[in-house]
A.B. asks: 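Let me begin by handing over the structure; questions about it come next.
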Protein chains: 2
Amino acid sequence: MTKQRATILDIVRSDKAHHTAEEIYHIANERLGGISLATVYNNLHALEEAGLIRRITAEHFADRYDSSFVPHGHLICERCERVTDFNIDGFEALLSDAIGNSFSSYELKVRHLCTKCRENA
Amino acid sequence: MTKQRATILDIVRSDKAHHTAEEIYHIANERLGGISLATVYNNLHALEEAGLIRRITAEHFADRYDSSFVPHGHLICERCERVTDFNIDGFEALLSDAIGNSFSSYELKVRHLCTKCRENA
DNA sequence: AAAATAATTTAGAATTATTCTAAAAAAATT
DNA sequence: AATTTTTTTAGAATAATTCTAAATTATTTT
């Protein structure tokens, strides 16, 4: 675990904003006083492979990263693209009813207008 | 509505397999005896904008297209990447309970092993 | 702790998927 | 049928990501 890798993991862990690779690069670059973009990608992959972070992918939306493995959904603001986590009790039971127990994981994204954007609308 | 556009729409509509842009290009190319890849992208966008098709995006997965606007989830096979539709009764009610009624759309993808891949496992 | 081995980082080139450009062709309108 | 608008096309351009191979850093062995 190099300082680059530790920094990247920390950035993903410490921020609920779910950054893009590019944003993580900028933050890491500042914190470390220099890092290669390739290193950021390397480590995002390494950390993903190691099961320490997860990727968030959605339609027309740059991939972001999340460090929580507690099952949850993502709310995506249609205006500012801010991502927030949400809990959906009973979802897995519902899913089992629909397709049985043979699934291994799920991705759930919901589009909305976040509070900030609703106020400024 | 040109024959290129009609062909692309037909490919997306007539096939449950949810093709990628590249696959659609190959199929359209055969059917029409020549088409430009740029035209395929142009039309996938135009059709998406027009609300005639939807895009399916997931982690580590090339975008695919779907012509159904009946709300439903997508099952993605972890081995062969085959995509199948599924219904999940009561999901929207559950979602409303969790986050209220302010959402506009959702994407739901579930990873599993499809029947074929389970047999060949 | 020094030497040897393995893993990581880096800059920049390469790749992939997609978008842009500007001219040609086709379709729609007058 | 002529004019205007839209679409198609090939190829160039772009953006995001991955690859490469040398340099650096970390880890293991001695």
Side-chain angles (χ1 to χ4, degrees), chain A residues 1-13 15 17-67 74 76 81 83 107 109, chain B residues 1-13 17-66 74 76 81 83 107 109:
Chain A
M1 174 76 59
T2 61
K3 66 181 189 231
Q4 288 89 342
R5 183 164 301 176
T7 302
I8 288 164
L9 179 55
D10 185 60
I11 291 167
V12 177
R13 280 198 170 147
D15 205 320
H18 298 311
H19 293 293
T20 63
E22 196 67 31
E23 287 162 356
I24 291 165
Y25 166 65
H26 286 301
I27 298 168
N29 204 40
E30 277 203 3
R31 282 209 207 162
L32 295 167
I35 189 174
S36 162
L37 182 55
T39 301
V40 173
Y41 279 108
N42 276 349
N43 281 314
L44 288 172
H45 284 158
L47 291 167
E48 200 182 354
E49 290 269 302
L52 292 171
I53 66 177
R54 279 197 66 162
R55 190 186 288 249
I56 307 171
T57 299
E59 280 170 39
H60 302 285
F61 179 82
D63 285 3
R64 278 135 221 274
Y65 294 87
D66 187 350
S67 64
H74 289 116
I76 302 175
E81 301 218 318
V83 180
E107 299 173 48
K109 283 122 214 169
Chain B
M1 176 72 60
T2 60
K3 66 181 187 220
Q4 289 88 343
R5 183 163 302 174
T7 302
I8 288 165
L9 180 55
D10 185 59
I11 291 168
V12 176
R13 280 197 171 147
H18 300 310
H19 293 293
T20 63
E22 196 67 28
E23 286 163 356
I24 291 166
Y25 166 65
H26 286 302
I27 298 168
N29 204 39
E30 277 205 2
R31 282 210 208 164
L32 293 167
I35 190 174
S36 162
L37 183 55
T39 301
V40 173
Y41 279 108
N42 277 350
N43 281 313
L44 288 172
H45 283 159
L47 292 167
E48 200 182 354
E49 290 268 303
L52 292 171
I53 66 176
R54 280 195 66 161
R55 189 187 289 249
I56 307 171
T57 300
E59 280 169 39
H60 303 284
F61 179 80
D63 286 4
R64 277 137 221 271
Y65 295 87
D66 188 350
H74 288 116
I76 302 175
E81 302 218 319
V83 179
E107 298 173 50
K109 282 125 217 163

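Per chain, numbering begins at 1; letters A, B, ... match sequence-line order.
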A.B. asks: Closest approach of A:Ile8 and A:Thr39, non-hydrogen atoms and distance?
C.D. replies: CD1-O, 4.1 Å

A.B. asks: Picking from B:Gln4, B:Arg5, B:Glu48, what satisfies side-chain hydrogen bond (donor to acceptor under 3.5 Å, both in side chains) with B:Asn43?
C.D. replies: B:Arg5

A.B. asks: Whole-Å distance between D:dT17 P and A:Asn43 CG?
C.D. replies: 15 Å

A.B. asks: Once you round it to whole Å, what is the distance between C1' of D:dT7 and CD of B:Glu49?
C.D. replies: 16 Å

A.B. asks: If you compare all heavy atoms of B:Tyr25 against all heavy atoms of B:Ser36, which two are closest, and at what distance to 0.1 Å?
C.D. replies: CE1-C, 4.0 Å

A.B. asks: Rounded to the nearest Å, what distance is computed from the CZ atom of residue A:Arg5 to the C1' atom of nucleotide D:dT27?
C.D. replies: 14 Å

A.B. asks: For a side-chain contact (heavy atoms from CB on, under 4.5 Å) with A:Ile24, tell me which candidate from A:Ile35, A:Leu44, A:Asn29 qualifies.
C.D. replies: A:Leu44

A.B. asks: Roughly, in whole Å, what's the span from CD1 in B:Ile35 to C1' in D:dG11?
C.D. replies: 16 Å

A.B. asks: Using OP1 and OP2 only, check whether a side-chain N or O of B:Gln4 sits under 4.0 Å from D:dT9.
C.D. replies: yes

A.B. asks: Check for me whether the distance between the ring centres of B:His18 and B:His74 falls short of 6.0 Å.
C.D. replies: yes

A.B. asks: In whole angstrom, what separates B:Asn29's CG from D:dA10's P?
C.D. replies: 9 Å

A.B. asks: At under 4.0 Å between heavy atoms, how does the protein contact nucleotides 17-30 of chain C? Give one character per nucleotide, 5' to 3', with B, S or -.
C.D. replies: SBBB----------

A.B. asks: Looking at five pairs on each end of the helix from C:dA1-D:dT30 to C:dT30-D:dA1, what is the angle between the two axes, given to 10 degrees?
C.D. replies: 30°

A.B. asks: OP1 or OP2 of C:dT9 sitting under 4.0 Å from any side-chain N/O of A:Ser36?
C.D. replies: no

A.B. asks: Does B:Ile56 form a side chain to side chain contact (heavy atoms under 4.5 Å, CB included) with B:Asp63? I'd like the steps, not just the answer.
C.D. replies: CA-CA 6 Å; B:Ile56 307 171; B:Asp63 286 4; over 6 Å; no

A.B. asks: Hey, are A:Arg31 and A:Asp10 close enough for a salt bridge, meaning a charged N less than 4.0 Å from a carboxylate O?
C.D. replies: yes

A.B. asks: For A:Thr20, does its backbone N or O pair with a side-chain atom of A:Glu23 as donor and acceptor, under 3.5 Å?
C.D. replies: yes

A.B. asks: Looking at B:Arg54, B:Lys109, B:Arg64, which hits salt bridge (charged side-chain N to carboxylate O under 4.0 Å, His left out) with A:Glu59?
C.D. replies: B:Arg54

A.B. asks: What's the OH-C1' distance between A:Tyr25 and D:dT17, to the nearest Å?
C.D. replies: 14 Å

